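Heavy atoms only: backbone and side chains are in, while hydrogens, waters and symmetry mates are out. Owing to the predicted nature of the structure, the values given are computational and were not obtained by experimental measurement. Lettering of chains follows the sequences in order, A, B, ..., and the numbering in each one begins at 1.
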There are 2 protein chains.
Amino acid sequence: MSEQTADAVLLQLFDELFAEFSEIGRANDTGLHRLAFSAADAEVRAAFRARCAALGLHAHTDEIGNQFALARPPVPGDRTVLLGSHLDSQPDGGRFDGQLGVAAALAVVAEAAHTEVPQGTNLGAVNWANEEGARFQPSVMGSSVFTGQLSLAEALAASDAEHTLLSDELVSRALAGTSALPATVAAYAELHVEQGARLERDGAELGIVDRTWAAHKADVRVHGVQTHTGPTPMALRVDALAAAARLIALLRELGLADPDDRLHTAAAWMRITPNSPNATPSLVEFKVELRSPEEERLHAARAALVTAAQEIERGTGVQCDFGAWSERRAASFDPDLVALATATAISMGIRAQRMPTIAGHDAVIMNAAGVPTVLLFTPSAEGITHHAAEYTEPADQHRGVRALAAVARALLARV
Amino acid sequence: MSEQTADAVLLQLFDELFAEFSEIGRANDTGLHRLAFSAADAEVRAAFRARCAALGLHAHTDEIGNQFALARPPVPGDRTVLLGSHLDSQPDGGRFDGQLGVAAALAVVAEAAHTEVPQGTNLGAVNWANEEGARFQPSVMGSSVFTGQLSLAEALAASDAEHTLLSDELVSRALAGTSALPATVAAYAELHVEQGARLERDGAELGIVDRTWAAHKADVRVHGVQTHTGPTPMALRVDALAAAARLIALLRELGLADPDDRLHTAAAWMRITPNSPNATPSLVEFKVELRSPEEERLHAARAALVTAAQEIERGTGVQCDFGAWSERRAASFDPDLVALATATAISMGIRAQRMPTIAGHDAVIMNAAGVPTVLLFTPSAEGITHHAAEYTEPADQHRGVRALAAVARALLARV
């Protein structure tokens, strides 16, 4: 089979897989609503497994529900190159985020399985469980458990807004296996959409991620005193929602005030108790996230938030508790692998550029765990993401798939 | 039976009823969690019905679930004096709000039924459905439907946060009757807790409500654009929650800035879509309420809010929609009945004072419908309300019950 024919077969398989997966949990015409461990997620996982069998790959599912499709059964000591991303989506999310990378990984592994995997190595595709963290927190859960950065017990104990336990969903939908993947992961590569507009702006066709922004996240609990919203004098109200509102408004100001747009701030999830129209809230919980390439900006923002919270406490009587901050450090990707990916792109005639990732990805978690990792970005039209209008041109998708295949070959030759 | 003995019998029955009802849906030791049309509400309604039968009263339930206990079967043309309040509670609310008035009404009607109801008149107790509006909006639903200020169809179509239809709850728990009360309500009297600290501050034992504050309420919808909370540049975010937060923070400032505390403002209920930690909210809905004795203050506050919303729209790209404002006008209670209640209190040696109501009550709805209405307040310790710590001294409870009985007698003699 000529190189050109092999490419065509690979891209055709990728197109098929991507189209098939896109129909499962399809929402808002071009989007996906496929929350982790939901019925739709269970359906796409079944499709992944069925494809794995049909393509002659070896299937394995671990205890948190990470799905693997290996070129051959794992042999202890074999050095495994893993390619992957995630099939869960945001609520009313886009169809490229995660899914692009899993379809690409599965296609690459299937096409390489019988001819290109040297003795003593293995090649696998992975669908990481619950990358989005939309329904069950934290995000990047599957890869964090896989690398030991999150305990299995903690992950299993997560519950969603309806108080459904993650472990109950795993059991009732039969989504989990009983053992870890019996393999040594020697390298990991992921293809993902950029989720920003930088590649498009710079006319680049492929991003090669060389570093990641730091992220600090905390669960904030604002305690007020429940009272009637009518007769209670304004000055006597200990209103948890009004206090939380001031903090959230400030949070956005902190980010906007950064002259270089190098401090991104957000609160996107909130829970109000009792959430009754005539009762001043007694408790408002929300999640704060701060992202920056520089730890100092994060610490300055945290200090500003805490100072504001103390001022609000003094002025209103509420109590603001910032839970323990979870800190993902800024990190570099392995320079040798960045160079390898760059050389690969150049040799293929792809206009690539090095760039950071601001969002967390499974590749960020693998890299943090010390696994040699490559993260490639395809352009996102207008930077739109976590939205049904998320889009990557077919030509950009295919360039990304071909680049992932070439990087996988290079990694197999290297591990 | 001497007057003193009659009083003792009345108060003992009241104590029994109050204690019995207090056990149903009891929460947080001294409080209640008995949302409208819930299992606990169904249970307390069954207790009301059973007591009605045991006390030899005539029961009627109307189509929205208002429960009546009449001294005798209704005869067309009879002029009926109705006494009542509501048995539903706020989430984790207090046990005096509403329940005090229903237990008092039922005790008074039972004790007066066979001796004190003149020919051509009738006397009844009522448990108004869904006064709180905590689970199903709007509040004061039962009395509003009864007086034709809200259509039955609109009330039946209300749904709660879990998308349960009110009409489904009525049917599945068999809480509604099939016909309106066949009676002409000639007067209405309600005993309620003050839910403020004014009586306590002034050393008064009973409040006689002579006017009500106006209230303007609106459902606000802030539309944003869903995107990733990480990579999206701060300036490009159209963040519905950050915008809503600014409006809610301003709302509190507007109330606090009123030098006379004659503008009360609140937002206590909110719904966020998609409420996913990593997706900027596309929609935030919240309820605004403004209360004042003066319409001008309400209109000034509304104008300030709308101006702020327009500024936020221009600065951020969100769209803020204020739904139609529901306006409850400031109103006076019938001066003759205020005088009657005052004279009654004086003759009983009760230190009474005239005062406004800031909160809405079923009595406010009856008064707005043109029914001659008396609203009496018992003191609330420290003004605490919508909270398990809500408390009214037994002596104050009993003074209120005796005053309600005396007012009922005076109304029966008058209608």
Answer key: most heavy-atom pairs under 4.5 Å with chain A among A242(B), A197(B), P91(B) is P91(B)

For this session: Check the side chains of E289(B) and T229(A) for a donor-acceptor pair under 3.5 angstrom, ignoring hydrogens and angles.
Result: yes

Rounding to 0.5 Å, atoms CG (D261(A)) and CG (L236(B)) come to a distance of 8.0 Å

Of the listed G360(B), G94(B), S139(B), A267(B), the one with the largest count of heavy-atom pairs under 4.5 Å with chain A is A267(B)

- Indicate yes or no: at least one non-hydrogen side-chain atom of R237(B) is less than 4.5 angstrom from one of H264(A). yes

Ranked by heavy-atom pairs below 4.5 Å to chain A, first place among G255(B), G196(B), P138(B) goes to G255(B)

Comparing T265(B), T273(B), V284(B) against chain A, the one with the most heavy-atom pairs below 4.5 Å turns out to be T265(B)

For H223(B), the ring-ring contact (aromatic ring centres under 6.0 Å, His included) test, sequence neighbours excluded, returns none

Residues of residues 377-391 of chain B with a heavy atom under 4.5 Å from any heavy atom of chain A, in residue-number order, are T385(B), H386(B), H387(B)

Q: For atom CD of E327(B), decide whether the heavy atoms of other residues, nucleotides or ligands shown that lie under 6.0 angstrom number more than 12.
A: yes

query = Do D258(B) and M234(A) touch side chain to side chain, with heavy atoms closer than 4.5 Å?
reply = no

Honestly, the part of R252(A) sitting under 4.5 Å from a heavy atom of chain B is both

Value for CG (N275(B)) from CZ (R135(A)), rounded to nearest 0.5 Å, stands at 14.0 Å

Quick check against the 3.5 Å criterion: does N278(A) have a side-chain atom that pairs as donor or acceptor with the backbone of E132(B)? yes

Rounded to the nearest 0.5 angstrom, the CG-CE distance for L241(A) and M270(B) is 5.0 Å

Bottom line for Q90(B): the part with an atom under 4.5 Å from chain A's heavy atoms is side chain

Cut-off 4.5 Å, heavy atoms of chain B, and the answer for Q226(A) is both

Applying a strict 4.5 Å limit to non-hydrogen atoms, the region of L247(A) in contact with chain B is neither

Honestly, the part of L263(B) sitting under 4.5 Å from a heavy atom of chain A is backbone

Here the gap from D97(B) atom CG to H228(A) atom NE2, rounded to the nearest 0.5 Å, amounts to 6.5 Å

